[in-house]
Chemist: 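Sharing a structure here in structure tokens format.
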Amino acid sequence: MIDLKGKIAVVFGLANKRSIAWAICQKLSEAGATLAICYQSERLQKDAEALAAELGAINGTAARTFACDVSSDEQIDTVFAQLKDAYGKLDILVHSIGFAPNIKNTVVQTTREDFRVAHDVSAYSLIALTRAAAPLMTDGGAILTLTYYGADKVFPNYNIMGVAKAALEAAVRYLASDLGAQKIRVNAISAGPIKTLAARGIGDFSKILNAVEERAPLHRNVDALEVGNTAAFLCSPLASGITGEIMFVDCGYNTTGL
């Protein structure tokens, strides 16, 4: 059984109940962790507070919410100062953030500005958050991000997000090397396709879901809670020897050819 009692976890990227971040929050809470949720803007504050209240009901420990736009270094500095004041330390950081403007454009059509924004929000933000979190992980810690197989293989309509996810996965390996001496582990989950708010921006997404169901060894698509289970494992002492890894949770789809 995974036991995260006494652990402080901060989760970035929780948008709604259909997000992978929500499944991760649920599983971390079930394991006993104290949760802090960081939302992007005032528009998302109400939903974040409602979800935080639900998390508090899971293990009896109230979850708190904090505002932070990860494209702003000033806001990152502010929120980690608030986290330090509120909790004194951190044990777990979950980065569930990805955005690419004009994702329907092919890679060859991608403008310089769209490339910059996609990589800033989807990849650099992990580096920025890790840099801010590391000093608070005084007893070591676990950092986790979310990626997708489109970083390795070309998927229709994934376009520049695939390039950004490839950068994110490289960052995971380098951050793991940088922070290993501090007993901070950095990993990623490559989740299979899930019907999230972000997935709505990918054209013909249903075709990807159908292909996974047909070809994956388990002949189905993964459930968000299965990703949450793996996240809880990777953030727990049970995964103490795992860092710098990209762990697939996709019903085995990535292992197949034809």
Side-chain angles (χ1 to χ4, degrees), residues 2-14 21 24-40 45 48-49 51-52 55-56 58-59 61-97 120-146 168 171-189 228 231-245:
I2 295 174
D3 184 0
L4 295 175
K5 293 182 180 65
K7 302 296 185 182
I8 309 298
V10 57
V11 178
F12 288 81
L14 176 56
I24 293 174
C25 285
Q26 288 177 278
K27 293 301 179 179
L28 292 178
S29 291
E30 287 175 8
T34 297
L35 268 290
I37 297 172
C38 292
Y39 57 89
Q40 180 192 21
Q45 181 177 359
E49 290 175 348
L51 292 173
L55 290 174
I58 291 176
N59 65 15
T61 302
R64 295 182 58 178
T65 60
F66 301 84
C68 182
D69 182 342
V70 298
S71 66
S72 166
D73 288 332
E74 180 178 325
Q75 290 196 35
I76 291 173
D77 289 342
T78 296
V79 79
F80 277 93
Q82 292 172 337
L83 291 167
K84 183 178 180 179
D85 288 342
Y87 303 107
K89 65 161 190 169
L90 287 177
D91 301 288
I92 297 166
L93 165 67
V94 176
H95 171 275
S96 183
I97 298 170
D120 182 22
V121 176
S122 305
Y124 180 75
S125 62
L126 174 66
I127 297 172
L129 293 178
T130 297
R131 183 170 56 245
L136 299 184
M137 292 183 166
T138 51
D139 298 322
I143 295 172
L144 182 68
T145 189
L146 277 298
L168 177 70
V172 165
R173 292 185 283 270
Y174 278 92
L175 289 170
S177 177
D178 287 347
L179 298 174
Q182 297 172 235
K183 298 181 180 180
I184 298 174
R185 299 179 295 105
V186 186
N187 292 292
I189 292 175
F233 162 70
L234 287 173
C235 292
S236 78
L238 294 177
S240 60
I242 301 175
T243 194
E245 293 292 336

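What you see is a predicted model; the values in this text were computed from it and never measured.
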Chemist: What distance do L129 atom CG and I97 atom CD1 have between them, rounded to the nearest 0.5 Å?
Modeler: 5.5 Å
Chemist: Quick one: pull up CZ in R173 and CG in N187 and give me the separation to the nearest 0.5 Å.
Modeler: 11.5 Å
Chemist: For D77, what residues pass the salt bridge (Lys or Arg N to Asp or Glu O under 4.0 Å) criterion, not counting sequence neighbours?
Modeler: none
Chemist: When you look at F66 and V10, which way does the side-chain contact (heavy atoms from CB on, under 4.5 Å) test go after all the steps?
Modeler: CA-CA 10 Å; F66 301 84; V10 57; over 6 Å; no
Chemist: Can you name the nearest heavy-atom pair linking L28 to A232, along with the distance?
Modeler: CD2-CA, 4.0 Å
Chemist: Could you measure the distance from the CD atom of Q82 to the OH atom of Y87? Nearest 0.5 Å is fine.
Modeler: 10.5 Å
Chemist: Looking only at heavy atoms, what is the nearest atom pair of A176 and T243, with distance?
Modeler: CB-OG1, 3.4 Å
Chemist: I need the minimum non-hydrogen distance between V70 and I76, along with the two atoms involved.
Modeler: O-CD1, 3.5 Å
Chemist: How would you list, by chain and number, every residue that makes a salt bridge (Lys or Arg N to Asp or Glu O under 4.0 Å) with E30, sequence neighbours excluded?
Modeler: K27
Chemist: Given 3.5 Å as the limit, does a donor-acceptor pair link the side chain of S236 with the main chain of I2, or not?
Modeler: no
Chemist: With a 4.5 Å cut-off on side-chain heavy atoms, are L51 and T65 touching?
Modeler: no
Chemist: Look only at the side chain of N59 and the backbone of A33, and say whether a donor-acceptor pair between them is shorter than 3.5 Å.
Modeler: yes
Chemist: Give me the atom names and distance for the closest heavy-atom approach of V79 to C68.
Modeler: CG1-SG, 3.8 Å
Chemist: Might you point out which heavy atoms bring L168 and H95 nearest each other, and give the distance in Å?
Modeler: CD1-CE1, 4.2 Å
Chemist: Could you report the tightest heavy-atom contact between A239 and F233, atom names first, then the distance?
Modeler: CB-O, 3.3 Å
Chemist: Quick check: does any side chain N or O of Q40 sit under 3.5 Å from a backbone N or O of D69, one acting as donor and the other as acceptor?
Modeler: no
Chemist: Find the distance between CD1 (I184) and CG (L93) and round it off to the nearest 0.5 Å.
Modeler: 10.0 Å
Chemist: Tell me which one of L144, I189, L146 satisfies side chain to side chain contact (heavy atoms under 4.5 Å, CB included) with S96.
Modeler: L146
Chemist: Give the C-alpha distance, both sets of side-chain angles, the deciding distance and a yes or no for side-chain contact (heavy atoms from CB on, under 4.5 Å) between L175 and I143.
Modeler: CA-CA 10 Å; L175 289 170; I143 295 172; over 6 Å; no
Chemist: With a 3.5 Å distance limit and no angle check, can you tell me whether D91 reaches the backbone of G141 through a side-chain donor-acceptor pair?
Modeler: no
Chemist: Going through the distances and angles, do V94 and F12 end up as a side-chain contact (heavy atoms from CB on, under 4.5 Å)?
Modeler: CA-CA 6 Å; V94 176; F12 288 81; over 6 Å; no
Chemist: Other residues, nucleotides and ligands only: do more than 12 of their heavy atoms fall within 6.0 Å of NZ on K89?
Modeler: yes
Chemist: Could you grab the distance from atom CG of L35 to atom SG of C25, nearest 0.5 Å is fine?
Modeler: 5.0 Å
Chemist: Can Y39 and L14 be said to form a side-chain contact (heavy atoms from CB on, under 4.5 Å), step by step?
Modeler: CA-CA 7 Å; Y39 57 89; L14 176 56; over 6 Å; no
Chemist: Decide yes or no for I92 and I8: does some side-chain heavy atom of the first lie under 4.5 Å from some side-chain heavy atom of the second?
Modeler: no
Chemist: Verify, without hydrogens or angle tests, whether R185 (side chain) and I242 (backbone) share a donor-acceptor contact under 3.5 angstrom.
Modeler: yes
